[in-house]
Amino acid sequence: MLFRVDSKNTFRGQHVEEAGTYNVEIIKSELKNSSNGNPMINLDYQVLDGTYQGAKIEYADTMTWIDSDPEKLEKSIKRFNDLLVKIGIPDGTQVNTIQDYAKGLMGQKLNVTVEWQQSDYGNNAGNYYLRVKYHNKLDPEGSKPNGQKRPGSSPNEAVSPQNSKTGNYSSWGQNGTQGQPEPNQQAPQGAGFDFNNPPF
């Protein structure tokens with residue numbers, strides 16, 4: 001026998017195909033430098049439950065640390081802190097380095113809101129991709145796809161203008177590189193620390 005037919009073992013469901021809110025685990029927390037030289041963390045997720053359980057949300061969330069002036073530093077602290085609060089890290093936990101932050105995110109669980117957004121970059125310009133708009137606490141009711149598939153995937157699918165262009169996304173860095181991998185950048189992958197017993 002070569003194999004048995006299994007409807008659960010197909011390519012469908014490998015990636016999330018609808019916008020919505022999803023309970024996820026962080027499966028990649030990659031620290032790089034942006035084109036401006038600022039530390040930047042690229043996050044990939046895997047869905048924990050529901051229709052798309054096991055599917056990945058990749059290249060959809062980038063966080064950039066900018067401390068070139070007090071206002072940008074304050075926004076960076078708020079943005080990076082917000083993610084830890086949504087994960088459930090207790091008040092008073094100290095984060096000493098951006099490397100510790102990136103490593104500590106591995107394996108952490110939260111809920112993310114994703115929407116379709118049109119890319120403005122390179123060969124991908126004009127194509128739509130899922131982007132993380134908000135970080136949320138885990139939803140006890142589970143993941144909730146909203147039925148909105150990639151624009152152009154069928155004649156009846158559409159996206160409202162506010163969801164198709166760059167906006168004030170809570171998880172975005174200030175350099176506008178949301179979800180776009182930086183070319184030729186080398187950085188260590190997060191190894192996964194336990195925030196209940198943090199190394200920092």
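In this text the structure is predicted, and so the values were computed from the model without any measurement.
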Participant: Between E18 and K149, is there a side-chain heavy-atom distance shorter than 4.5 Å?
Facilitator: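 Side-chain contact under 4.5 Å: yes.
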
Participant: Nearest 0.5 Å please: distance from the CG atom of D139 over to the NZ atom of K137.
Facilitator: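 One finds 12.5 Å between CG of D139 and NZ of K137.
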
Participant: To the nearest 0.5 Å, tell me how far M40 CE sits from S35 OG.
Facilitator: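 The CE atom of M40 sits 7.5 Å away from the OG atom of S35.
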
Participant: Thinking salt bridges, do D82 and K78 make one under a 4.0 Å N-O criterion?
Facilitator: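 No, no charged N to carboxylate O under 4.0 Å.
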
Participant: Checking side-chain contact (heavy atoms from CB on, under 4.5 Å) against L110, which of N136, I26, L105 comes through?
Facilitator: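 That would be I26; it is the only one of N136, I26, L105 passing the side-chain contact (heavy atoms from CB on, under 4.5 Å) with L110.
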
Participant: For residues Y52 and S143, determine if any side-chain heavy atom of one lies less than 4.5 Å from a side-chain heavy atom of the other.
Facilitator: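 Not touching, per the 4.5 Å side-chain cut-off.
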
Participant: Which heavy atom in Q118 sits nearest to a heavy atom in G126, and how many Å separate them?
Facilitator: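 Shortest heavy-atom contact: NE2-O, 3.2 Å.
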
Participant: Using only atom types and a distance under 3.5 Å, with no angle test, would you say the side chain of E25 pairs donor to acceptor with the backbone of K109?
Facilitator: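 It does not hold such a pair.
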
Participant: How many angstroms lie between CD in Q148 and CG in L130, if you round to the nearest 0.5 Å?
Facilitator: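 Between atom CD of Q148 and atom CG of L130 there are 9.0 Å.
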
Participant: For the backbone of I66 and the side chain of S76, can you confirm whether one donor and one acceptor N or O come within less than 3.5 Å of each other?
Facilitator: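 Yes: the side chain of S76 pairs with the backbone of I66.
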
Participant: For D100 and V95, indicate whether the former's side chain and the latter's backbone hold a donor-acceptor pair under 3.5 Å.
Facilitator: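 No: the side chain of D100 does not pair with the backbone of V95.
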
Participant: Do Y22 and Y45 touch side chain to side chain, with heavy atoms closer than 4.5 Å?
Facilitator: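 In short, these two side chains do not touch, never coming nearer than 4.5 Å.
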
Participant: Atom CZ of R131 and atom CD of E115: how far apart are they, to the nearest 0.5 Å?
Facilitator: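 With rounding to 0.5 Å, CZ (R131) is 12.5 Å from CD (E115).
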
Participant: So which atom in S29 and which in A102 form the shortest heavy-atom distance, rounded to 0.1 Å?
Facilitator: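 Scanning both residues completely, I find the closest heavy atoms to be OG-O, 2.6 Å.
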
Participant: Between K72 and S68, what is the shortest heavy-atom contact and its length?
Facilitator: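 Residues K72 and S68, closest heavy atoms: CD-OG, 3.4 Å.
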
Participant: Between K86 (side chain) and H135 (backbone), is there a donor-acceptor pair under 3.5 Å?
Facilitator: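 Indeed, once roles are kept as given, a pair shorter than 3.5 Å links the two residues.
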
Participant: Would you say the side chain of I41 lies within less than 4.5 Å of the side chain of I98, judging by non-hydrogen atoms?
Facilitator: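 They are in contact (side-chain heavy atoms under 4.5 Å apart), so the answer is yes.
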
Participant: Counting only N and O atoms by type, is there a donor-acceptor contact under 3.5 Å from the side chain of D44 to the main-chain atoms of I27?
Facilitator: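 It does not hold such a pair.
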
Participant: Flag the pair L84 / T93 as yes when at least one side-chain heavy-atom distance between them is below 4.5 Å, and no otherwise.
Facilitator: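 Not in contact.
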
Participant: So, taking the atom named NZ in K133 and the one named CD in Q117, what distance separates them when rounded to the nearest 0.5 Å?
Facilitator: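 It is 10.0 Å, given to the nearest 0.5 Å.
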
Participant: Do V112 and Y134 come within less than 4.5 Å of each other through their side chains, counting heavy atoms only?
Facilitator: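 Heavy-atom side-chain distance check fails, nothing below 4.5 Å.
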
Participant: Kindly work out whether a path of hydrophobic side-chain contacts (I/L/V/M/F/W/Y, heavy atoms less than 4.5 Å apart) joins W65 to I87.
Facilitator: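 Cluster IDs for W65 and I87 match.
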
Participant: What residues join L2 in its hydrophobic cluster, counting side-chain heavy atom gaps under 4.5 Å, either direct or through other members?
Facilitator: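 Other cluster members: F3.
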
Participant: Has the side chain of T113 got a donor or acceptor atom that lies under 3.5 Å from a matching backbone atom of T21?
Facilitator: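 Looks like no, no N/O pair under 3.5 Å.
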
Participant: Flag the pair N96 / Y101 as yes when at least one side-chain heavy-atom distance between them is below 4.5 Å, and no otherwise.
Facilitator: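 N96 does not reach Y101 side chain to side chain.
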
Participant: Side chains of T64 and N36: closer than 4.5 Å at any heavy-atom pair?
Facilitator: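 Contact flag for T64/N36 side chains = no.
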
Participant: So among L83, V24, T62, which one has a side-chain contact (heavy atoms from CB on, under 4.5 Å) with L43?
Facilitator: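 Looking at L83, V24, T62, the match for L43 under the side-chain contact (heavy atoms from CB on, under 4.5 Å) is L83.
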
Participant: Take Y59 and Y129 through the test ring-ring contact (aromatic ring centres under 6.0 Å, His included) and record every step on the way to the result.
Facilitator: CA-CA 9 Å; Y59 310 113; Y129 298 94; 9.1 Å; no

Participant: What distance do R79 atom CZ and M63 atom CE have between them, rounded to the nearest 0.5 Å?
Facilitator: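 One gets 6.5 Å once the value is rounded to the nearest 0.5 Å.
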
